[in-house]
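To start, the structure itself, in structure tokens.
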Amino acid sequence: MIKNAIAESLKKVIEKKYNLPDTEPSVTESPNKQFGDYSTQIAFQLAKILKNDPKKIASDLKDAIEGNAFFEKVEVVGGYINFFLKNEFYHKEIERVFSAGEEYGKLDNVGEEKILVEYVSSNPTGPMVIVNGRAAALGDSLVKILNWRGYQAISEFYINDGGNQVYLLGISCNEVYKKLNGFPYEIPENGYHGEYIDDFVRAISKNTDLSGMDDKSRSDYLGSEGVRYFHSMQIESLRNFGVEFDSEVHEKRIREENLPEYVLNTLKEKGLLYENEGATFFKSTQFGDDKDRAIIKKNGEYTYLLPDAAYHEDKVRRNFEYLIDIFGPDHHGYIKRLKAIFKALGHDPNRLEILIHQIVNLVNEGEKIKMSKRKGQIITLDDLIGDVGKDPARFFFVMRKKNAHLDFDMKLAKEKSENNPVFYVQYAHARISSILKFADSKGINIDNYVDFSLLNEEKEIELIKMVLMFPDALDDVIRIREPAILPKYLIDLASAFHSFYNKHRVITENIELSQARLALVQCVKNTIKIGLSLIGVSSPEQM
RNA sequence: GCGCCCGUAGCUCAAUUGGAUAGAGCAACGGAUUUCUAAUCCGUAGGUUGAGGGUUCAAUUCCCCCCGGGCGUACCA
């Protein structure tokens, strides 16, 4: 918010001085203290437009802006303009943070636009696996952060309960039923093989007599019951992971409302379909795809793309102006065709944003843990949470940029030490709680007047600066769709606090100073608590 | 073959999406605690940003071409 304030005043000056109303000056934190608190390189950009020396422009801008009451001084170095802020400015800002309390950084309604974020949407044919956890952690954090900053974002889970995989699940279960009852059996190659199938069949056999059914009706029954069983199992896992969805959409409903047929008709009317060897193809190459895609198979079944396109049509019909899908790494080949069909249906492709996150490797003692779905060697999300706990899992999943492969260090996640960033941040929170308790026992409170102008030590100002960067960090997350910025910020904030703590005592003989420092650490505590909650991590009062 | 992602200190990762002298943590070494939580802090050392070209006042970032790794490339989802 400091950045924005400086950028705004720069914008005004530029508009007035050079008659360039559309300039968006970017203000950044200075890389080094000698360059002040904040800097801008706008003069370089203006130099090109104005065909003038950047140094000249920078110093002209400096003269125009220098009068601002909060600048200690403004300096021009090279073409950069460096801003040095008065402590007074920080005192005023931290006071506002203090009064905001646990609502710090929260905004109401920055836009009317409704955003739908779809993530996980795993097939209801087995338990949640590790990579689903990453999608869940990313999606949930993004939605929470969007909402905290005043956007209207809704999370949604799409359940593929209408297509071929339900059938495959059914016949796989039926074969497993035969296996468990000593009959000859054969699970199809493309069916489901995991041990979790056996568990399901055993469980349902206890309550339902399956012996009287023929193969067909038993398969159908096990298919539809299996979908329900696995879906609620998945939702339960996600709940244990702190992820709950605002909305669920069933493919079944999409099909019942004949939306796939609407998509077909629309494409047909536009002449975007053709037949080839008995299958129906969509001319996705006309919309930038690498090749045309089948949407109806030779046997008359829809491919995955058709109901999914229908689902996205449904999203638009529910008046969401902006759609974000979070996909796993195995779906990146799918982006082009989905965007193609979305565009073909007459929607602006810029309204659909598809984010891809990369894979997760579990690492223990420096060794990658090998998983094979076929051999039944899978580690589920429940296993991971049970092993390392929810908080480290949530933190680790969003700690890396979504584009990077994530090596999930199991040993580190379990470690209750300084090496573990989750504990490092939580420890700062607990430490502050302890200080607050101590202050209370000494009868020092900050319920009334606090004089923030007493905070002028270097470590104090640095800590205030870190606290004030919180809204910027959240906005950066939103701007580049990268939740990883938040855990990194929290680590830096905790570090600034620990550093301050080692240099200065909060509670001393000086009551006024104690109160000011107490109020400052209270702000830090609130910020950590809010920040951690936005990534689904708890903030213990003691550790 | 084609497409997408990645390659930065011994290890795991940053670098404000084109800005100033590429920064943290771990590991190594040296220090700090009669104190509100040492699960902490302070310091030292560590680099041809995979290689080579190009664009730019400015490149880890953008473009081209290699090298290496991952993923995808279905009438599966």
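Proteins get letters first, then strands, A, B, ... in listed order; numbering begins at 1 in each. The figures here come from the full heavy-atom set of this structure, side chains too, leaving out hydrogens, waters and symmetry mates. Predicted model, so just to flag it, every value in this text is computed and none were measured.
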When all nucleic acid strands are considered with a 4.0 Å heavy-atom cut-off, which category describes [X]: base, sugar-phosphate, or nothing?
| X | answer |
| --- | --- |
| A:Glu301 | nothing |
| A:Ala430 | base |
| A:Lys503 | nothing |
| A:Arg400 | sugar-phosphate |
| A:Gln34 | base |
| A:Asp289 | nothing |
| A:Asn123 | sugar-phosphate |
| A:His357 | nothing |
| A:Ser499 | sugar-phosphate |
| A:Ile491 | nothing |

Qualifying residues under ring pair (Phe, Tyr, Trp, His ring centres under 6.0 Å), relative to [X], sequence neighbours excluded:
| X | value |
| --- | --- |
| A:Phe35 | none |
| A:Phe497 | A:Tyr501 |
| A:Phe230 | A:Tyr196, A:Phe200 |
| A:His498 | A:Tyr424, A:Tyr427 |

Name the pairs: protein N/O against N/O of nucleotides 5-8 of chain B, kept only if under 3.5 Å.
| from | atom 1 | to | atom 2 | distance (Å) |
| --- | --- | --- | --- | --- |
| B:rC5 | O2' | A:Asn403 | O | 3.0 |

For [X], which residues count as a salt bridge (Lys or Arg N to Asp or Glu O under 4.0 Å) partner, sequence neighbours excluded?
| X | result |
| --- | --- |
| A:Lys525 | A:Glu541 |
| A:Arg400 | none |
| A:Asp476 | A:Arg479 |
| A:Lys414 | A:Asp387 |

Test item: A:Asp53 side-chain N/O and A:Lys55 main-chain N/O as donor-acceptor pair under 3.5 Å: yes
Side-chain (A:Gln286) to main-chain (A:Leu272) donor-acceptor, under 3.5 angstrom: no
What integer number of Å spans the [atom1] atoms of [N] and [M]?
| N | M | atom1 | result |
| --- | --- | --- | --- |
| B:rA27 | B:rU40 | P | 10 Å |
| B:rA38 | B:rG31 | C1' | 14 Å |
| B:rC67 | B:rG25 | C1' | 30 Å |
| B:rC64 | B:rG30 | C1' | 49 Å |
| B:rU12 | B:rU17 | C1' | 23 Å |
| B:rA24 | B:rA14 | C1' | 7 Å |
| B:rA15 | B:rA58 | C1' | 16 Å |

Between the protein and nucleotides 62-64 of chain B, which nitrogen or oxygen pairs are less than 3.5 angstrom apart?
none

B:rA15 phosphate, OP1 or OP2, under 4.0 Å from A:Tyr489 side-chain N/O: no
Short side-chain N/O contact from A:Arg517 to OP1 or OP2 of B:rC36, under 4.0 Å: no
Candidates B:rA77, B:rA20, B:rC57 - which lies nearest the side chain of A:Pro31: B:rA20
Verify stack between A:Tyr80 ring and B:rA20 base, 5.5 Å, 30 degrees: yes
B:rU61: syn or anti, per glycosidic angle within 90° of 0: anti
A:His331 (side chain) and B:rG72 (base): donor-acceptor pair under 3.5 Å: no
Pair of N/O donor and acceptor under 3.5 Å linking B:rA20 base with A:Asn82 side chain: yes
Length of the NZ-P vector between A:Lys336 and B:rG3, whole Å: 8 Å
Watson-Crick or G-U stems of RNA chain B, 3 or more pairs, under 3.5 Å, by first number: B:1-7 with B:67-73, B:10-13 with B:23-26, B:28-32 with B:40-44, B:52-54 with B:62-64
Name the atoms and distances for all side-chain donor-acceptor pairs under 3.5 Å in residues 514-521 of chain A, with sequence neighbours left out.
| from | atom 1 | to | atom 2 | distance (Å) |
| --- | --- | --- | --- | --- |
| A:Ser514 | OG | A:Val506 | O | 3.4 |
| A:Ser514 | OG | A:Thr508 | N | 2.9 |
| A:Ser514 | OG | A:Thr508 | O | 3.2 |
| A:Ser514 | OG | A:Thr508 | OG1 | 3.3 |
| A:Ser514 | OG | A:Asn510 | O | 2.7 |
| A:Gln515 | NE2 | A:Asn445 | O | 3.0 |
| A:Arg517 | NE | A:Glu460 | OE2 | 2.6 |
| A:Arg517 | NH1 | A:Arg505 | O | 2.8 |
| A:Arg517 | NH2 | A:Glu460 | OE2 | 2.9 |

CD-CZ distance between A:Glu353 and A:Arg481, expressed to the nearest 0.5 angstrom: 4.0 Å
Exercise: identify the closest heavy-atom pair between A:Leu169 and A:Pro124: CD2-O, 3.9 Å
